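For reference, the structure discussed in these notes is given below.
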Number of protein chains: 2
Amino acid sequence: MSPTPPPSDLHDHLGYWLRMVSNAVSQDFAREIEGQGVTVAEWVFLRALHDADCLAPSLLAERMGMTKGAISKLADRLSEKKLVQRAPNPEDGRGQMLSLTPAGRALVPELARIADGNDAAFFDTLAPAERDHLGALLRKIARAHELTRAPVD
Amino acid sequence: MSPTPPPSDLHDHLGYWLRMVSNAVSQDFAREIEGQGVTVAEWVFLRALHDADCLAPSLLAERMGMTKGAISKLADRLSEKKLVQRAPNPEDGRGQMLSLTPAGRALVPELARIADGNDAAFFDTLAPAERDHLGALLRKIARAHELTRAPVD
DNA sequence: TATTGTTATACTCTATAACTATA
DNA sequence: TATAGTTATAGAGTATAACAATA
């Protein structure tokens, strides 16, 4: 009888390298914005609110690919930090409208600058054409699998 | 006075696309191996032991980029599942030697097959040359930043 | 009855540090 | 004392589901 073939090498998987690089980028970024008192999930939350002006928690949950329970907890934390405020929805007594406080609005460009710097520092080892190619490949995969959620972790 | 420029778009960051695709790959994989009763961290743990035959927890912690406390908890869970066994290190009364049980050894190729299938399903939207290029770009970044830890989350 | 948002519970991973036993 | 491993604690994320108020 033939012996069991050895399992494939971890390093053969594109998913392995993707995760290794992605985790390193995210962890570096998380460490940097920690100095601003926010987590990556909170940054995505603030960034989404910045674009939308005001947003119902349920819509935000959908955009961030999180449950409404998770959004509720995030909103609690960001309210305590005075970066986000809740207002009742005048058209629906059950609903809310989330928006940035002035402090929250002021913080977003600061965090965006950190994100820019982090991205540049990490990918400057690639030539511009290589960076473009990497982006195109990743977007092609995202499109093929209909990935739309803003990644949080 | 000039108005504050709008913060850069999230989608401009390579790190954003990297995280989106990487999270999707990992979450799909996590869901699949859940059926085998293990998490991604446990899979990496089992895979490392499979290569090494037997390994001290401290070495495993270093390879996986986890603390010894985290390794200890993982080893607890995998022992309960009868996939890993602890043995005293005869040369050092403080140390241990971790190894796979027969059940653990039998499970690794099964998980490796799932990993293969997951990787293939996710990246088959790319042409072979594109897959090679993506891998080369990711390894180039990993090399430049001296990333060596097997990513776990 | 269905929906919005809150809350409770539980599990995984992470980080720090106190602790035990051995070297 | 230093090191190997365990344990406790705490925080962040994820998921499910029970719950209150409103539609």
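Letters A, B, ... are given to chains in the order of the sequence lines, protein chains preceding strands, and every chain is numbered from 1. Worth saying up front: this structure is predicted, and the values here are computed from it rather than measured.
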Measure from [atom1] on [X] to [atom2] on [N] and round the result to the nearest Å.
X        : N       : atom1 : atom2 : value
Leu98(A) : dG5(C)  : CG    : C1'   : 10 Å
Glu62(B) : dA4(D)  : CD    : C1'   : 14 Å
Leu55(A) : dG5(C)  : CG    : P     : 10 Å
Leu78(B) : dC13(C) : CG    : C1'   : 14 Å
Met66(A) : dG13(D) : CE    : C1'   : 7 Å
Asn89(B) : dT6(D)  : CG    : P     : 13 Å
Leu74(A) : dT7(C)  : CG    : C1'   : 15 Å
Leu59(B) : dT3(D)  : CG    : P     : 15 Å

* Would you work out how much the helix from dT1(C)-dA23(D) to dA23(C)-dT1(D) bends between its ends, with each end axis defined by five base pairs, to 10 degrees? =>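 If I round to tens, the end axes sit 30° apart.
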Applying ring pair (Phe, Tyr, Trp, His ring centres under 6.0 Å), which residue pairs with at least one partner in [range] are found, sequence neighbours left out?
range                      : answer
residues 55-83 of chain A  : none
residues 44-90 of chain A  : none
residues 59-102 of chain B : none
residues 61-110 of chain A : none

Test side-chain hydrogen bond (donor to acceptor under 3.5 Å, both in side chains) applied to [X] - qualifying residues, sequence neighbours left out:
X         : result
His145(A) : none
Arg131(A) : none
Arg63(A)  : none

* Under 4.0 Å from any atom of DNA chain C, heavy atoms only: list the residues of residues 90-97 of chain A that qualify, in numerical order. =>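 Nucleic-acid contacts, sorted: Arg94(A), Gly95(A), Gln96(A).
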* Across the strands shown, which category fits Thr67(A) at heavy-atom distances under 4.0 angstrom: base, sugar-phosphate, nothing? ->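 Counting heavy atoms under 4.0 Å across all strands, the contact made by Thr67(A) includes a base.
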* Salt bridge or not for Asp76(A) and Lys73(A), using N-O below 4.0 Å? ->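 Looking at Lys73(A) together with Asp76(A), the answer is no, because their closest N to O distance does not fall below 4.0 Å.
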* Pairs meeting criterion salt bridge (charged side-chain N to carboxylate O under 4.0 Å, His left out) with involvement of residues 132-143 of chain A, two or more places apart ->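 For residues 132-143 of chain A: Lys140(A)-Glu130(B).
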* Distance test, side-chain N/O of Arg86(B) to OP1/OP2 of dT6(D), below 4.0 Å ->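 For dT6(D), OP1 or OP2 has a side-chain N or O of Arg86(B) closer than 4.0 Å.
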* Think Arg31(B) has a side-chain N or O under 4.0 angstrom from the OP1 or OP2 of dA15(D)? ->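 Answer no for this pair, as no side-chain N or O of Arg31(B) is under 4.0 Å from OP1 or OP2.
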* Structure fact -> In B/S/- notation (B base, S sugar-phosphate only, - none; protein heavy atoms under 4.0 Å), nucleotides 7-12 of chain D written 5' to 3' is B-----
Donor-acceptor contacts, no H, no angles, side chain residues 90-112 of chain A, under 3.5 Å, sequence neighbours left out:
unit_1    : atom_1 : unit_2    : atom_2 : d
Asp92(A)  : OD1    : Arg94(A)  : N      : 2.9
Asp92(A)  : OD1    : Arg94(A)  : NE     : 3.2
Asp92(A)  : OD2    : Arg94(A)  : NH2    : 3.1
Gln96(A)  : OE1    : Arg86(A)  : NE     : 3.4
Ser99(A)  : OG     : Gln85(A)  : NE2    : 3.3
Thr101(A) : OG1    : Lys82(A)  : O      : 2.7
Thr101(A) : OG1    : Leu83(A)  : O      : 3.3
Thr101(A) : OG1    : Ala103(A) : N      : 3.4
Thr101(A) : OG1    : Gly104(A) : N      : 3.0
Arg105(A) : NH2    : Asp53(A)  : OD1    : 3.4
Glu110(A) : OE1    : Arg113(A) : NH2    : 3.0

* Asked: About how many Å separate CG of Asp28(A) and CG of Asp119(A), when rounded to the nearest 0.5 Å?
  ->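 Answer rounded to 0.5 Å: 11.5 Å.
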